[in-house]
Amino acid sequence: MEPKQNKTLGETLLEVRTQNGKTQVGLAAALSHFVGFSQGRISRLERGLWTPDAGQFEQLIAALECTEQQARELRQAASINAQRRADVA
């Protein structure tokens, strides 16, 4: 997976999730011990309508069973997402 500056966090998450053979329902089940995750919330994240906090984000990366490269790409996308939100505010 090549890093792309214009790829959103949601697009990156969707790509990693499908590459790793996870469904939204399966990912939500893997995160059921962590408050704030549901299939609907994962769907909203992939569509850019919700952003997890730092703790939720790290739990998400763990539940996805990411490679180091995938985790790096997700963190990069999250950083770009945060920068975009700060620029709007």
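All residue numbers in this chain count up from 1 along the given sequence. Here the structure is a predicted model, which is why all the values come from computation and not from measurement.
- Judged by distance alone, with hydrogens and angles left aside, the side-chain atoms of Gln70 form a donor-acceptor pair with the main-chain N or O of Thr67 at under 3.5 Å.
- The two atoms that bring Ala77 and Lys7 nearest to each other are CB-O, 4.5 Å, heavy atoms only.
- Side chain of Ser79 to backbone of Arg75: no donor-acceptor contact under 3.5 angstrom is found.
- Minimum interatomic distance between Gln39 and Val25 (heavy atoms only, all atoms of both residues): CG-CG2, 3.8 Å.
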- Message: Between His33 and Gln59, does the side-chain contact (heavy atoms from CB on, under 4.5 Å) criterion hold? Intermediate values first, please.
- Response: CA-CA 10 Å; His33 68 283; Gln59 290 292 320; 3.4 Å; yes

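- Of the possible donor and acceptor atoms, none in the side chain of Glu58 sits under 3.5 Å from a partner among the backbone N and O of Gly55.
- At a threshold of 4.0 Å, the pair Glu11-Arg47 does not count as salt-bridged, since none of the basic side-chain nitrogens sits closer than that to a carboxylate oxygen.
- The heavy-atom pair separating Leu27 from Leu60 by the smallest distance is CD2-CD1, 3.6 Å.
- Here CZ of Arg72 is found 9.5 Å from CD of Gln76. Values are rounded to the nearest 0.5 Å.
- At least one cation-pi condition fails for Arg44 and Trp50: the charged atom is not both under 6.0 angstrom from the six-membered ring centre and inside a 45 degree cone around its axis.
- Across all non-hydrogen atoms, the minimal contact from Cys66 to Ala71 is CB-N, 3.9 Å.
- Of all heavy-atom pairs spanning Ser38 and Ala28, the tightest one is C-CB, 3.6 Å.
- Atom CG of Leu13 sits about 12.5 Å away from atom CD of Glu73, to the nearest 0.5 Å.
- Note that CD of Gln69 and CG of Leu74 are 10.0 Å apart. Values are rounded to the nearest 0.5 Å.
- Separation of atoms CD1 (Ile42) and CG (Leu14) is listed at 11.5 Å; rounding is to 0.5 Å.
- In terms of heavy-atom proximity, Thr51 sits nearest to Leu45 at CA-CD1, 4.4 Å.
- Atom CD in Gln56 sits 5.5 Å away from atom CZ in Phe34 (nearest 0.5 Å).
- Side-chain atoms of Asn20 never come within 3.5 Å of backbone atoms of Lys22 as a donor-acceptor pair (strictly under, hydrogens ignored).
- One distance of note links CZ of Arg84 with CG of Asn81; it measures 7.0 Å at 0.5 Å rounding.
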